[in-house]
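As C-alpha cells, the structure follows; a few thoughts come after it.
Computed from a predicted structure; not experimentally measured.
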Amino acid sequence: MSGAIAMLLWLVLVFVAAPAFAVEPIKISREDVALDLSQAVEIHRDQGENFQVSTAPGADGIVRRIEVEAQDSRSTGDWAVFALANTTDEQLDRLIVAPHFRLVGSGIIWPDLGSQRIAAITPSEGFALDRQPSSDADEFLVTLNPGTVVTFVAELSSPNLPQIYLWDPAAYKDTVNSYTLFRGIVIGIAGLLALFLTVLFVVKGTSMFPATAALAWAILAYISIDFGFLSRIIDISPGNEQLWRAGTEVALAATFVVFLFAYLNLARWHNHFSYGTLAWILVLVIIAGVAVFDPPIAAGIARFSLAATAVIGLGLIVYMGMQGYDRAIMLVPSWLMVLVWLTGAWMAVTGTLNNDILQPAISGGLILIVLLIGFTVMQHALSGSAIFQGLFSDMERQALAISGSGDVVWDWDVLRDRVTTKPDISKQLGLAANTLHGPARSWLPLLHSDDRDTFRTTLDMVLEHRRGRIAQNFRLRGADGHYHWLSLRARPVVGSDGEVIRCVGTMVDVTEQKKAEERLLHDAVHDNLTGLPNRELFLNRLDATIAMAGKERKIRPTVLVIDIDRFKHVNDELGISAGDTILLTIARRLHRLLKPGDALSRVAGDQFAVMLLSEQEPAQIAAIADAVRLAIRSPITFAKREIILTASIGLVSWTAVQASAEEMIKDAELAMYQAKRFGGDRIEPFRPAFRSIGTDRLQMESDLRRAVDRKELRVAYQPIVRLEDGTVAGFEALLRWDHPRRGTIPPADFIPIAESSGLIVQLGLFAMQQAAEDLYSWQKQLGDVPLFMSVNLSSRQFIRRDLVGDVRSIVARANIKPRCFRLELTESVVMDNPEQSSHVLAKLKQLGIGLSLDDFGTGYSSLSYLTRFPFDTIKIDKTFLNNPSSKGNVLLKSMITMAHDLGLSVVAEGVTDEHDLSQLRQMGCEYGQSFYLGAPSDAESCLKLLTEQNPVTAS
C-alpha cells in the first residue's frame, strides 16, 4: 500500500458470497442531479476502530472483503456503508454531501442539534475521498469510472446520519447559491426589524416595546445560527454549534413569554400572572445554563415551552377578546400565524413532513410572525403621534386637577401603567413615600375587599369603552390598619387613535363625611342609648313579618309592649344618668331571653317592644312573657343601692284581622295601658274591648287637632328676672289649652299626645309665631327696651329639615331683632343625635338668634358638649338650687363659674325665697325664673308689668 494512504489496509479475499450479505449498489446515470442515499446506507454500530465489510459485487460479480481503520479521533465506532454503480460509459464526478444539521426529523425530546457527521470516506478501490471545504455539511468529491461498482465505507463522527445526498457538483453549487440569496434576504429583514423595534423602544419606553424588540433579536439570533451566518461573523469552534443552537431556542421561548405578558398587560391587576411569568422565565434561564452541559435537553424543554406559550396565549386572547379587550383582538392574526408556524415546526421535527425546503420555510415563517407583531405594536406607538401625547406638563396636570375640583391630583399613565398622586396620598395614609406610585394593581392590596372588584372593573370599563368618567368612593387601608374613605373623580384622556392614554382627576378624603352619614343612618333607625332598633325600624320589620305570615302558616308573630312602672321616679331621684344605666341593664336582660328570629326594640323612653317568632304555642308565649316580667323584677344594684322595678306588659298575637304593624303594636299598647290601670307588674293579653277604653285619648287627640283653628290654645309668659336689680329681662313662652268642655288642660296631659301624634310641630310653630308677635307689640309700645323671648323646642321640631327656614320666616314676619328671640332645648333633645344637632344649631346661630340649654346638669354628657354646641345661655335645673347640702352649693357655684368661663350666661330655675336670691347673686348668677319671681300670665298682664317697670320709656 502507498504511504499516502497508510491508514488504509486492503485485504482482498476472493470468494463467491451469497447476494444477501453484499451491499446493494445504487445505479447512477448522467441525468441524476441529486440522489438521496439516506435509505440505501447501512449503519453498523459499535464496530470499534477497525471495521470489516463485504463489498458490493463488482462488474465481474465477485464480492470482496475490505477492512478499514479509523483515521479521526472523533470517531464514534459507528460506520456507514453504501455502494454506487456507474452504468454509463463516461466518467462521472459527484459530491457526497451529509448536512451537519437537519430540522426535519430532529425530534422534540433530546433533539438532534447537528454536528459533523462523517470524518472520512474510504472507497473499495482507489484513494480516500477528498473533503471539500464547507461549514454546513460534510462534502466529499468522488470520481466514478465507467462501468465500475464502488463500495464506500464512511467513518461516522456522530451517532446520527440524518441525511446523505449524491449531488452533481454544478447543480449543488447552484442550489447553495440560491439558498444563500434567500437566507441573506431573510437575515436582512430580521435585522432591520430588530433594529427598528429597538429604536422604537428607546423612543417609547413602555414595556410592550422592549418585549417586542427582544423577541425580534431572539428570532434574528435563531435564524443566524440556522443559516450558518453567525459562524461567518464569529469563530464558533467545532462541537459548539449545539450550544449556540440550544441557546437561541431557549431565548426564543423566553422572549415569546415576555412578549405575551407585556403586550396583554397581564400585570395590571393580577399579581399571580406576574409571579407565574417570572417563574417561567427563571426556569428558562436555568435551562439556558443547562445547555452548557446538555444542549439537547435544553432545546427540548424550550420547544415544549414554545408550544405551551402558544396554547396559553390562545386561551388568554380568546378570553380577553370576548371581554372586548382591544389589544387581544388586534393580536389574533399574529397569534394565528404563530399557531400555524408551530404546527409546521412540529410536523417537521417529528418527521411527519420530510422535505428539504421545510427548514428555510420555517425560518422564513418567523420573519412573517415578527412582521405581523411589529405592525400590531406600531399601531400603539405611532398612530396619532401618541409618543408625544403621553408627555404631560405640570401646568396641564394642574389644569386637569382644577377641572376635577379636588384636593389630590390622581394621574394614571395607562401606557406605562403608572399611577401618580400629587401630593403623595401615601403620606396621608401613614405609608412610606411613593407606596401608591406605580402600577394600578399596587392599589388592590390596600383597598377594602368589598371595593376591589368595583375599582378594577371601573378602570377596565373606562379603558374598554374609551369614554365616560370615573366617579367612585372606596376605602384604602392606612398604616394603622384603619380605612380611609376616598372619593375619586377622574376622566380618561383619549388619543387621536381612539385609545385611552391617561386618566386624570382628583381624589378627596371623605372619611369624616362618610362616618357622619353612617352615624346619621344608624341613628335614624336605632336608639342612641341602647343601640336597639327604634320604633320605625321595629314597625318596618313587623310589617315584613306580617306580609310573610299571610303566605306561610308557620309564621305567627306575637308582639309584647313593655313599659317600666314609675320609671320617672327613678330619674327624679337618681338622675338621668342612673336611669340610662338601668335602661341599658334591662335591655341586656331582655336580649338574653330572646332566640334567633325574635326582635327587641326600644320604642319610647322607658318602653320596649318584643316580636316573638320562635314560639307559637300560647303556653310557651305566656312563659316567655312571664320570664320578661321576672327579669325586670330582679334587683338592680346601683350606687350601693338595690333598685327593684316592675313592668306592665301588653301582649297580642297576630290574626288575619290585623292588617298592619301599626295596628298590632297599638293593640299591644292598649293591653299594656290596661295592665297599668290594674296596678302594673302584670301581663295583660289584648282583648278587643280595650279599644273602647282608649277612645278618650283619641277624642282628646281629635280635639287637639282643631284647637288651633278654634283659638283654644294660648300662650302664657313667665318672667325671667335679672337678679342684680330685680327687673324683667325676658320671658319664657308656655303653651296653654282652654278646652270648651274640660276647662284648662295641663300641658303634661296634652303635650305627650301632641308629640305622639305629630301635632307638636304645628303647636310649636303657633307658639313661636304668637310669642314673636307679642314681643314685637311690647317693644313697639315700650320703645327700645332690652327684652328677649324664649320658646321651648321639642325633639320632633328639632329634627325637621324646615326648622331653620321656619324660624327665619317667623323672625322676619314679626319684624323683631333676631338677638331678642331665643330657642330652648333640653339636653336629651340635643344628645339624641349629636352630629345632626351640631349642624342644626350652627344654622340657627347663623340667623343671629339666641340658644339656651334647658335642664342643664341633669344629663350625662353636658360638660363634654358645651364647647361643641353654640349655646349662649344655660338654665340650671331647680334640683341643684333646692339641695340644702354644702356639696350642692359647691356644685352650683362650680357650674356658674364654668359657664362664665365659657362665655355663657346663667338662668337659675326654682328660686323660692330671698335666701336663694342672695346666694345666687353672690355666685354671680345673672338671671332667675320661678313662681316666686313671677307666675306665667297672658300678654296684657306682661305688658302692664313692663310698663310699670319702664314708666319713662313707655310714655
(request) Ignoring hydrogens and angles, tell me if any N or O in the side chain of Trp410 forms a donor-acceptor pair with the backbone of Leu488 under 3.5 Å. (result) no
(message) Within this structure, what is the CD1-CZ distance for the pair Ile219 and Phe256, rounded to the nearest 0.5 Å?
(response) 5.5 Å
(message) Given 3.5 Å as the limit, does a donor-acceptor pair link the side chain of Thr457 with the main chain of Asp453, or not?
(response) yes
(request) Measure the shortest side-chain to side-chain distance between Tyr222 and Glu249 over non-hydrogen atoms and say whether it is less than 4.5 angstrom. (result) yes
(request) Would you give the length of the straight line joining atom CD1 of Ile312 to atom OG of Ser305, rounded to the nearest 0.5 angstrom? (result) 8.5 Å
(request) Find out whether Tyr263 and Thr212 are in side-chain contact, i.e. whether some heavy atom of one side chain is under 4.5 Å from a heavy atom of the other. (result) no
(message) Can you give me the closest heavy-atom contact between Gly313 and Leu260, atom names plus distance?
(response) CA-CD2, 3.5 Å
(request) In sequence, state the C-alpha distance, the side-chain angles, and the governing distance for Glu464 and Val500, and then conclude on side-chain contact (heavy atoms from CB on, under 4.5 Å). (result) CA-CA 9 Å; Glu464 291 173 10; Val500 176; over 6 Å; no
(message) Would you say that Lys845 contacts Asp872 through its side chain, given a criterion of any heavy-atom pair below 4.5 Å between the two side chains?
(response) yes
(message) Whether the side chain of Arg475 engages the backbone of Tyr483 through a donor-acceptor N/O pair (distance < 3.5 Å, no angle test) should be reported.
(response) no
(request) May I ask you to decide if the ring planes of Phe455 and Trp443 are parallel, tilted or perpendicular, using 30° and 60° as cut-offs? (result) parallel
(request) Look only at the side chain of Thr530 and the backbone of Ala587, and say whether a donor-acceptor pair between them is shorter than 3.5 Å. (result) no
(message) If I compare all heavy atoms of Ala440 with all of Asp417, which pair ends up nearest, and what's the gap?
(response) N-OD1, 3.4 Å
(message) Quick one, Ile223 and Leu220 - any side-chain contact, counting heavy atoms below 4.5 Å?
(response) no
(request) Indicate the atoms forming the closest heavy-atom contact of Ile317 with Ala328, along with that distance. (result) CG2-O, 3.4 Å
(request) Specify the closest pair of heavy atoms between Cys503 and Ile470, including all atoms of both residues, with the distance to one decimal. (result) SG-CD1, 4.3 Å
(request) Taking only Lys NZ, Arg NE, NH1 and NH2, and the carboxylate oxygens of Asp or Glu, determine whether Asp424 and Lys427 approach each other closer than 4.0 Å. (result) no
(message) Can you confirm whether Arg502 sits close enough to Trp412 that some side-chain heavy atom of one is under 4.5 Å from a side-chain heavy atom of the other?
(response) no
(request) Give a yes-or-no answer on whether the side chains of Trp280 and Thr309 include a donor-acceptor pair shorter than 3.5 Å. (result) no
(request) Could you walk me through whether Leu529 and Asp580 pass the side-chain contact (heavy atoms from CB on, under 4.5 Å) test, one step at a time? (result) CA-CA 7 Å; Leu529 174 64; Asp580 290 344; 3.6 Å; yes
(message) Would you compute the distance between atom CG of Leu847 and atom NZ of Lys843 and round it to the nearest 0.5 angstrom?
(response) 9.5 Å
(request) Could you check if a side-chain atom of Val508 sits within less than 4.5 angstrom of a side-chain atom of Val408, using non-hydrogen atoms only? (result) no
(request) Search all heavy atoms of Ala479 against all heavy atoms of Gly430 and return the closest pair with its distance. (result) CB-O, 3.0 Å
(request) Report yes if the side chains of Ile369 and Leu215 come closer than 4.5 Å at any heavy-atom pair, otherwise no. (result) no
(request) Using the side chain to side chain contact (heavy atoms under 4.5 Å, CB included) rule, pick out the option among Leu431, Val419, Asp509, Leu436 that qualifies with Ile425. (result) Leu436
(message) Rounded to the nearest 0.5 Å, what separates atom OG1 in Thr454 from atom NE2 in His448?
(response) 11.5 Å
(request) Mark yes or no for whether Ser442, through its side chain, and Pro439, through its backbone, hold a donor-acceptor pair below 3.5 Å. (result) yes
(message) Tell me whether the count of non-hydrogen atoms from other residues, nucleotides or ligands lying under 6.0 Å of NE2 in His591 goes above 12.
(response) no
(request) Examine the side chains of Asn473 and Ser487 and answer whether a donor and an acceptor come within less than 3.5 Å of each other. (result) yes
(request) Report the C-alpha separation of Phe798 and Leu803 in whole Å, then their side-chain angles, then the decisive distance to 0.1 Å, and conclude whether the side-chain contact (heavy atoms from CB on, under 4.5 Å) test is met. (result) CA-CA 7 Å; Phe798 189 61; Leu803 173 63; 4.0 Å; yes
(message) Tell me the closest heavy-atom pair linking Arg602 and Leu532, and the distance in Å.
(response) N-CB, 4.0 Å
(request) With rounding to the nearest 0.5 Å, note down the distance linking OG1 in Thr506 to NZ in Lys422. (result) 15.5 Å
(request) Go through Arg418 and Asp413 one step at a time and tell me if the salt bridge (Lys or Arg N to Asp or Glu O under 4.0 Å) criterion holds. (result) CA-CA 5 Å; Arg418 178 174 177 80; Asp413 187 339; over 6 Å; no
(message) Could you check whether any side-chain N or O of Arg452 sits under 3.5 Å from a backbone N or O of Leu444, counting only pairs where one atom can act as donor and the other as acceptor?
(response) yes
(request) Indicate yes or no for a side-chain donor-acceptor contact from Thr255 to the backbone of Leu252 under 3.5 Å, with no hydrogens or angles considered. (result) yes
(message) For a 4.5 angstrom cut-off between non-hydrogen side-chain atoms, does Thr511 reach His484?
(response) yes
(request) Indicate whether any N or O donor in one side chain lies under 3.5 Å from an N or O acceptor in the other, for His437 and Thr421. (result) yes
(request) Begin with the C-alpha distance, continue with both residues' side-chain angles, and end with the deciding distance and a verdict on side-chain contact (heavy atoms from CB on, under 4.5 Å) for Ile281 and Phe261. (result) CA-CA 11 Å; Ile281 298 301; Phe261 176 80; over 6 Å; no
(request) Supply the atom-to-atom distance Arg303 CZ to Leu342 CG, rounded to the nearest 0.5 angstrom. (result) 11.5 Å
